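All values derive from a computational prediction rather than experimental measurement. These values consider heavy atoms only, across backbone and side chains, with no hydrogens, waters or symmetry-generated copies. For ligands, and for the atoms within them, numbers begin at 1 and follow the listed sequence.
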Amino acid sequence: MKVLHVVGARPNFMKVAPVLSALRAHEHVAQMLVHTGQHYDANMSDVFFEQLGIPAPDVNLAVGSGSHTWQTAEIMMRLEPVLQEAKPDIVLVYGDVNSTAAAALVCAKLGVRLGHVEAGLRSFDRTMPEEINRLVTDQLAEVLFTPSEDGDSNLQREGIPAEKIFRVGNVMIDSLVKLLPVARAQRRDGLPERYALVTLHRPANVDDGAMLKSILQSLLEVSRDLGVVFPAHPRTRQRIAESGFELGGVAKQLQLLDPLPYVDFLALQARSQVVITDSGGIQEETTFLGVPCLTLRENTERPITVSMGTNVLVGRDPEKLRAELALVLAGKQKRGMIPPLWDGHAGERIAGIVAGEAVGSVLRATAGTTS
Ligand code: UD1
């Protein structure tokens with residue numbers, strides 16, 4: 001059996017690693033890894049492969065950056081001949097980035113079986129490019145691996161038959177569980193004693209100049225009470241430079257860093273007082289770590305991090321951010337629990353289903369109805 005994985009962007013890498021590793025235990029499975037090249041900077045890609053123990057990709061489509069349409073179309077065109085030649089039994093795609101949806105479309109056009117890891121998440125906000133990618137990918141997938149119960153119900157509401165849905169837990173947490181001891185052992189000098197860890201990259205936050213300035217202003221205010229450590233995504237860095245906003249004056253209290261490798265970022269998260277972010281995955285990682293997370297978004301596709309975890313949606317309201325930070329500083333932050341099946345073994349469950357009869361029968365049944 002041949003399983004071909006397609007990944008492309010930073011948040012894919014911590015999801016593919018546990019599945020690749022768990023599938024190695026199944027001797028009849030041959031694996032192939034395709035990197036679309038959506039993320040290409042060494043500190044957005046190569047360093048993640050090294051730290052997560054992912055083998056070098058068999059194929060790199062080297063697509064690079066462009067508009068969403070261009071990037072999606074270019075990935076499709078470059079991936080099609082690869083799939084035609086490799087003839088995989090199943091393609092696995094991860095998360096909700098453009099590479100995920102592009103690969104899903106190519107599989108649908110070629111009639112190649114598709115499995116979606118991290119299926120069923122919904123923000124119900126179609127202005128987010130990721131929401132479109134999730135909707136498209138889930139409609140096209142024949143095997144859908146969900147991290148939590150809300151994923152199952154979203155899919156069933158959209159008409160996806162229950163027998164295609166497998167609740168396996170959170171595969172990204174597998175990577176966290178594996179590397180947390182390494183992260184905790186890591187030394188990092190020059191950090192403030194107590195700090196807020198910040199990440200920001202959503203177009204809605206960084207591409208709107210007024211919004212970006214308002215967030216940066218709030219961060220400067222935060223830095224009066226707490227250090228601020230801010231590893232900035234390349235697009236965010238560029239937007240800050242374009243905005244002309246001066247972060248330099250408080251350099252000691254506010255550290256603007258380059259994007260960090262996985263283990264280094266995990267170490268910073270685990271030691272932080274609070275995380276301020278608009279990322280999806282970080283909402284989950286902070287819930288697992290028990291670190292308060294203030295999310296600069298109006299909605300989340302990961303509601304379990306709010307209902308069970310440490311996540312609070314502060315939206316775009318500086319007042320709400322201030323109020324929640326005051327609670328953290330007073331030691332009255334939200335406490336949470338780790339959701340079920342976020343246990344470090346999701347990759348093994350996925351591998352068992354992919355390699356085993358469960359998928360065989362689901363896929364045979366699907367093929368039977370369409371032929
Ligand atoms: C993508 C994902 C987003 C994910 C994020 C994690 C989509 C729609 N978005 O957003 O869901 O949370 O990755 O980082 O797929 N750039 C570099 N170096 C790189 C890659 C990008 O400098 O290695 C810059 C380029 O200027 C590029 C911009 O970042 O135009 C945006 O990159 P892109 O891959 O289009 O989207 P992300 O914002 O990274």
Side-chain angles (χ1 to χ4, degrees), residues 6-16 35-50 52 57 60-76 78-79 93-105 116-119 121-123 125-138 172 175 198-208 211-212 230-243 256-262 265 269 275 277-286 293 295-297 299-302 305:
V6 180
V7 292
R10 186 169 59 175
N12 290 158
F13 307 140
M14 46 293 244
K15 294 167 195 164
V16 76
H35 190 330
T36 66
Q38 177 176 343
H39 284 174
Y40 43 84
D41 282 351
N43 61 7
M44 299 288 282
S45 180
D46 301 5
V47 72
F48 284 79
F49 274 63
E50 284 155 31
L52 292 160
N60 191 326
L61 303 176
V63 65
S65 303
S67 75
H68 287 254
T69 303
W70 180 89
Q71 191 176 55
T72 306
E74 197 67 26
I75 294 168
M76 287 181 68
R78 295 185 190 198
L79 182 62
V93 293
Y94 297 82
D96 55 17
V97 301
N98 287 341
S99 300
T100 311
L105 280 163
H116 184 203
V117 176
E118 200 186 80
L121 300 187
R122 295 290 180 272
S123 65
D125 174 2
R126 292 198 181 190
T127 65
M128 282 180 77
E130 293 81 3
E131 183 74 352
I132 306 301
N133 293 337
R134 292 181 204 115
L135 285 161
V136 167
T137 307
D138 284 341
M172 195 190 60
S175 287
V198 177
T199 80
L200 209 58
H201 73 281
R202 297 265 160 229
N205 283 333
V206 303
D207 289 353
D208 173 341
M211 190 63 228
L212 180 62
F230 184 0
H233 184 289
R235 73 183 281 129
T236 308
R237 247 250 185 198
Q238 198 185 332
R239 296 289 184 262
I240 293 174
E242 287 163 7
S243 77
L256 195 62
L257 309 176
D258 283 334
L260 290 172
Y262 180 75
F265 188 77
Q269 274 193 91
V275 173
T277 190
D278 59 6
S279 152
I282 293 169
Q283 295 170 47
E284 298 182 333
E285 290 170 345
T286 45
C293 180
T295 298
L296 299 172
R297 285 175 46 191
N299 52 52
T300 178
E301 63 287 343
R302 292 159 160 96
T305 61

- Message: I need the atoms of ligand 1 closer than 4.0 Å to a non-hydrogen atom of R10, numbered in the order shown.
- Response: 14 (O)

- Task: Pull out every atom of ligand 1 sitting under 4.0 Å from any heavy atom of P234, numbered as shown with elements.
- Result: 17 (C), 18 (N), 22 (O)

- Winner among E130, Q71, R202 once heavy atoms are compared against atom 11 (O) of ligand 1: E130

- Looking only at heavy atoms, which two atoms of D96 and T100 are closest? And how far apart? N-OG1, 3.8 Å

- Side chain, backbone, both or neither: which part of P11 comes within less than 4.0 Å of ligand 1 when only heavy atoms are counted? side chain

Exercise answer: donor-acceptor pairs, residues 35-44 side-chain atoms, under 3.5 Å, sequence neighbours excluded:
| unit_1 | atom_1 | unit_2 | atom_2 | d |
| --- | --- | --- | --- | --- |
| H35 | ND1 | G37 | N | 2.8 |
| H35 | NE2 | S45 | OG | 2.9 |
| T36 | OG1 | Q38 | N | 3.1 |
| T36 | OG1 | S99 | OG | 2.8 |
| Q38 | OE1 | S99 | N | 3.1 |
| Q38 | OE1 | S99 | OG | 2.7 |
| H39 | ND1 | R10 | N | 2.9 |
| Y40 | OH | S65 | OG | 2.8 |

- Message: Ignoring hydrogens, what is the shortest heavy-atom contact between Y94 and V6? Give both atom names and the distance.
- Response: CD1-O, 3.8 Å

- Carboxylate-amine/guanidinium proximity below 4.0 Å for R126 and E130: no

- Message: Can you report which non-hydrogen protein atom sits closest to atom 18 (N) of ligand 1, along with the distance?
- Response: D41 OD2, 2.9 Å

- Message: Looking only at protein heavy atoms, which one is nearest to atom 26 (O) of ligand 1, and what is the separation?
- Response: Q238 OE1, 4.0 Å

- Message: I'd like to know if R122 and D138 make a salt bridge, using a cut-off of under 4.0 Å between side-chain N and carboxylate O.
- Response: yes

- Option with minimal heavy-atom separation from atom 13 (O) of ligand 1, where the choices are H39, H201, H233: H39

- Starting from atom 19 (C) of ligand 1, which protein heavy atom do you reach first, and at what distance in Å? Y40 CZ, 3.5 Å

- Message: Give the atom numbers and elements of ligand 1 that come within less than 4.0 Å of a heavy atom of S65.
- Response: 21 (C), 25 (C), 27 (C), 30 (O)

- Task: Return the minimal non-hydrogen interatomic distance between R237 and L256, and the atom names on each side.
- Result: NH2-O, 3.4 Å

- Message: Determine whether E284 and R302 satisfy the following criterion, salt bridge (Lys or Arg N to Asp or Glu O under 4.0 Å), listing intermediate values before the conclusion.
- Response: CA-CA 8 Å; E284 298 182 333; R302 292 159 160 96; 2.8 Å; yes

- Task: Please report the shortest heavy-atom distance between V63 and Q71, naming the atom on each side.
- Result: CG2-O, 4.2 Å

- Which residue and non-hydrogen atom of the protein lie closest to atom 28 (C) of ligand 1, and at what distance in Å? R235 CB, 4.0 Å

- Quick one: do E242 and R235 satisfy salt bridge (Lys or Arg N to Asp or Glu O under 4.0 Å)? Show the steps, please. CA-CA 10 Å; E242 287 163 7; R235 73 183 281 129; over 6 Å; no

- Closest protein heavy atom (residue, atom, distance) for atom 34 (O) of ligand 1: Q38 NE2, 3.1 Å

- Within a distance under 4.0 Å of any heavy atom of H68, pick out the atoms of ligand 1 and give their elements. 8 (C)

- Item | Shortest protein heavy-atom distance from atom 8 (C) of ligand 1, along with the residue and atom involved | N98 OD1, 3.2 Å

- Item | Protein contact of atom 2 (C) of ligand 1 - nearest heavy atom, named by residue and atom, plus distance | V97 CG1, 3.7 Å

